[in-house]
Structures are given as structure tokens and as C-alpha cells.
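First up is the structure itself, then whatever we jot down about it.
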Amino acid sequence: MKKLYIQDLRNKIGQAVELTAWVHRKRTHGSLLFLVLRDSTGIVQASIKKDQCGEEPFNNASAVTLESVVTVKGVVVEDRRAPAGIEVRVSNFNSLSPSQEFPLQEDTGLEVLLDYRHLHLRSIRLTNIMKARHYLLEYLREFFNDDRFWEVYPPILTVAGCEGGSTLFGLDYYGDTVYLSQSAQLYLEVLILSLEKVYAFTPSFRAEKSRTPKHVTEYWHLEQEAAYYDNEDNMKFQENMVSYVCQRMADQQGALVKELGRDPGYLKNVSPPFYRLTYDKALEKLADAGIEKEWGDDLGTEDEYALTEGLDKPLFVWRWPRTAKPFYMKLDPQNDEYVLNDDLLAPEGHSELIGGSQRIHDYDELVQRMEEQDMDPAAYEWYIDLRKYGSVPHSGFGLGTERLLKWMLNLEHIRDVIPFPRTPRRYYP
Ligand code: NSS
């Protein structure tokens with residue numbers, strides 16, 4: 001059975017068609033009925049006149065409930081008054097699968113929408129966001145593949161974290177404890193010693209305590225790792241990658257982006273080089289804005305907002321104090337109080353998109369850094385081992401794909417870009 005899609009009706013003007021779709025809206029004017037029909041490709045108006053399709057089909061169509069699946073037969077005509085400029089003049093109507101009264105309306109509140117996420121995902125807005133998400137990943141993969149990176153498949157059940165123990169989800173594994181992956185980084189560091197340039201797109205899990213518009217407990221992490229890349233190569237790759245996907249999205253999906261409320265011109269303007277501030281300069285800038293931080297403090301939402309206010313593209317805050325960052329980051333040979341790393345912050349308070357760094361490839365330096373952070377090297381023996389057998393300088397980063405899309409589409413909350421958001425209080429449906 002080959003289905004006709006709404007987007008293809010434009011090529012069928014003047015022809016008789018049979019269309020199966022969901023009833024999205026319904027309006028009556030006496031003996032004239034308008035149905036707005038929806039499928040995965042869009043919406044179209046169907047007009048049904050009693051004197052054209054007969055009494056019984058007309059009565060059935062009049063009684064149809066929203067979200068029912070129907071089949072209409074009719075001719076496609078141009079009509080400037082119709083939402084998409086065309087309409088189907090119906091000569092026959094059939095209800096295939098009736099819907100009970102749909103529990104969601106225009107004014108349904110947020111918590112109810114989340115309880116009924118399985119139904120809310122049919123909304124045009126969420127459908128469009130899911131499509132934008134698909135395109136974003138397509139463009140990201142394009143960027144990696146064009147540069148001859150290998151896509152690899154690291155495990156989700158892991159023995160140890162790399163971003164600190166406090167956000168690990170542990171689970172019982174035949175009497176042992178294993179953890180849901182926070183990051184594939186340590187495994188990617190294994191794979192670069194054979195494949196040299198790799199990326200992975202996997203779920204990452206964070207037992208976040210804070211409830212904010214930028215945190216979920218399960219997110220999709222795009223991670224890159226490359227042999228012989230130093231921190232500068234790494235930052236250049238990040239800005240080229242983010243610029244590439246912004247421009248591809250503007251060029252290829254301008255209408256979708258616009259419908260979701262972002263001017264495609266804004267994305268088109270995102271190009272390298274991005275703004276840069278060292279951590280120390282960022283603290284100075286914050287002090288000028290009246291925000292006093294201690295050297296070594298992490299940056300909070302307010303700080304990120306102050307640093308990126310009014311910017312038209314992202315900002316790197318780079319070269320952080322070693323005390324503020326994880327054990328695997330390479331110390332700056334110029335001054336080992338700092339590490340060779342970057343956080344990439346999105347403008348307009350959309351928060352950190354990427355965390356990246358050059359990695360320690362020297363055995364002794366790594367063990368010393370782990371001891372300094374009171375870590376147990378036993379759990380990381382395999383990772384440390386890599387430094388014994390032909391270790392090379394390398395760098396990598398992790399990108400939160402939901403955060404990138406949230407910024408690109410200028411959406412308010414990260415849950416808007418993920419079909420089934422997991423937060424500290426929500427894991428249903
Ligand atoms: O903790 S990160 O900053 N860095 C890492 O996990 C590295 N080990 C990645 C690597 O170098 N391979 O997380 C990376 C990004 C961060 O910048 C955010 O964009 C995103 O992952 N991230 C999140 N997104 C959504 N929700 C939560 N809770 C979250 N935590 C991090």
C-alpha cells in the first residue's frame with residue numbers, strides 16, 4: 001500500500017486523490033464542513049459539501065472527532081484562502097479509526113501536557129522540533145564523515161565515571177555495581193589508538209540534583225576524540241562544526257526554523273572565529289559587571305548570561321584553573337596551574353554547549369593528577385594502561401545535542417527538544 005503524503009498534494013492540482021490522515025481541526029458553516037487534516041508531512045484543508053458527497057458521508061464527517069484517522073477522496077484545487085494554498089474538495093469520506101475525546105486542548109497546562117507526552121508529541125510544534133533534531137544530527141554526521149572521522153559505539157554500562165562521582169547513576173549488575181555512562185570519552189581515548197579520529201553519539205546519564213531549563217538526566221551526547229590534535233585544533237574543530245550545522249540548517253531548513261520562531265539569518269551569521277576569553281579574563285569581565293568570583297570557582301547560569309549577553313555567536317571560555325576541572329585534562333606547559341581546555345557557551349543564556357580539552361597522554365602526569373583528586377587508580381587501570389603502549393597527544397570534546405538545538409531554535413526549555421524528557425521528578429511516560 002503506497003500512501004499519498006500531504007506535501008505531495010501540491011503536484012496533484014486538478015487531480016482526484018485518496019488521502020488518509022488524522023483530523024487536526026474541524027469547523028462547520030451549515031452544510032459546508034472544513035477539516036484540517038494532518039500527516040507526518042504537514043496539514044491540508046479538506047472541504048466537504050453535503051450536496052457534493054451525499055448525506056451519509058457528510059453526516060459521518062460532521063460527527064468525526066479530532067485525532068480520528070480518516071480517508072477522503074476528492075479533487076485537489078488551488079485556494080488562496082486555505083492554509084497551505086490548496087484544498088481537497090471531498091467527494092467521499094470514510095472514518096478508519098475513530099478517536100475518543102482528545103484530552104489535550106489549546107489551554108492545557110504544562111504538567112498535564114507532560115503526563116500526556118505520548119499524545120502531545122502529535123502537536124505540530126513538537127513534530128517540527130523532532131524534524132529539526134533529525135536534520136541537526138544529519139548535518140553533524142555529515143561534518144564528521146566529510147573529515148573522515150569513524151563513528152564508533154562505546155558501552156553504556158561502565159565501571160567508572162569521568163565527570164565526578166556525584167552525578168553517576170549506579171545499578172546492580174549480578175551483585176556488582178556498574179554505572180550508566182556519563183560520557184564515552186575514556187572509551188574513545190582507547191579507539192583513537194587504532195582509528196585515530198572517532199566520534200560517538202550516545203545517551204549520557206547525569207543524576208542531576210538541580211532542576212533547570214538546561215539539565216535533563218538522560219541526554220544525547222556527541223563526543224569527538226582525535227589523535228595528534230592539540231587544544232587549539234580542538235577549539236577550531238568545535239567552531240567549524242557548530243558554524244557548519246547552523247548554516248546548513250539555515251540554508252536547507254529555513255522555513256522550519258522560521259516556523260519555530262528563530263530567524264534563519266541569525267543562524268546564517270554564525271561563522272568562525274567564535275569569541276574567546278581565558279578564564280582569568282572572564283573573571284575580570286564579571287568583576288566589571290559587579291559579579292565577584294573566587295579564582296577557581298565554576299561559572300553559574302548568571303555568570304554565563306553576563307558573559308554572553310548581546311553576543312551573536314558562541315563564546316569560548318578557555319584555559320581554566322586545574323582545580324576546577326577533571327583529572328584527564330592536560331596541564332598547560334606554560335603554567336601548570338591551568339589546563340588546556342575550553343567550555344563553549346551559547347549566547348542569550350542558552351548555557352554551555354560543549355566541554356573539551358587536550359588530554360594527558362603521559363603516564364606519570366596522569367597518575368599524579370588522579371592522586372591529587374583522591375581518585376582510586378585501580379578502577380581506571382585499563383585507561384592508565386593506554387599511556388604505556390604508544391601513547392600520543394590527543395584532544396576531544398562532548399557536545400550536548402539538546403542544548404545546541406535549544407539555542408539554535410531559541411527554545412525556552414531543554415525538555416522541548418527531547419521526545420521523552422527525563423528529569424529528577426519525571427520518568428513517565
Ligand atoms: O560534562 S561535560 O562538560 N564534559 C564531558 O562529559 C566530557 N567527558 C566530554 C568529552 O570530552 N568527551 O559534558 C559535555 C556536554 C556539556 O557541555 C553539555 O552540553 C552537555 O554535555 N551536558 C548536558 N546536557 C543536558 N543535560 C545535562 N544534565 C548535561 N550535562 C552535560
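For the single chain, residues carry numbers from 1 onward in sequence order. All ligand and atom numbering here is 1-based and tracks the order in the structure.
Residue contacts with ligand 1: C162 is included, with a non-hydrogen atom under 4.0 Å away. Ligand 1 lies nowhere less than 4.0 angstrom from a heavy atom belonging to E402. Taking 4.0 Å as the cut-off, R359 counts as a neighbour of ligand 1 on heavy-atom distance.
In terms of polar-atom proximity, G356 is not counted as a contact of ligand 1, lacking any N or O under 3.5 Å from an N or O of the ligand. Taking only nitrogen or oxygen atoms, main chain and side chain alike, E225 does not reach within less than 3.5 Å of ligand 1.
Within the 6.0 Å centre-distance limit, the rings of W295 and Y338 are counted as a close aromatic pair.
Numbered from 1 in the order shown, with element, the atoms of ligand 1 that lie under 4.0 Å from a heavy atom of I414 read 25 (C). Taking every heavy atom of I354 and a limit of under 4.0 angstrom, the matching atoms of ligand 1 come to 17 (O). Which parts of ligand 1 touch Y328 is read off a 4.0 Å heavy-atom cut-off, strictly below it: atoms 7 (C), 8 (N). Below 4.0 Å from some heavy atom of E223 lie the following atoms of ligand 1, by number and element: 9 (C), 10 (C), 12 (N).
Of the possible donor and acceptor atoms, one in the side chain of D303 sits under 3.5 Å from a partner among the backbone N and O of G300.
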Begin from the C-alpha positions of Y380 and V159 and carry the test side chain to side chain contact (heavy atoms under 4.5 Å, CB included) through to its verdict. CA-CA 8 Å; Y380 297 86; V159 283; over 6 Å; no
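For the side chain to side chain donor-acceptor pair (under 3.5 Å) with H350, the lone residue among K406, K214, E304, R403 that qualifies is K406.
Considering only heavy atoms from C-beta on, E78 stays 4.5 Å or farther from R10 through its side chain.
Counting only non-hydrogen atoms, the option in Q224, R422, E163 that gets closest to atom 8 (N) of ligand 1 is E163.
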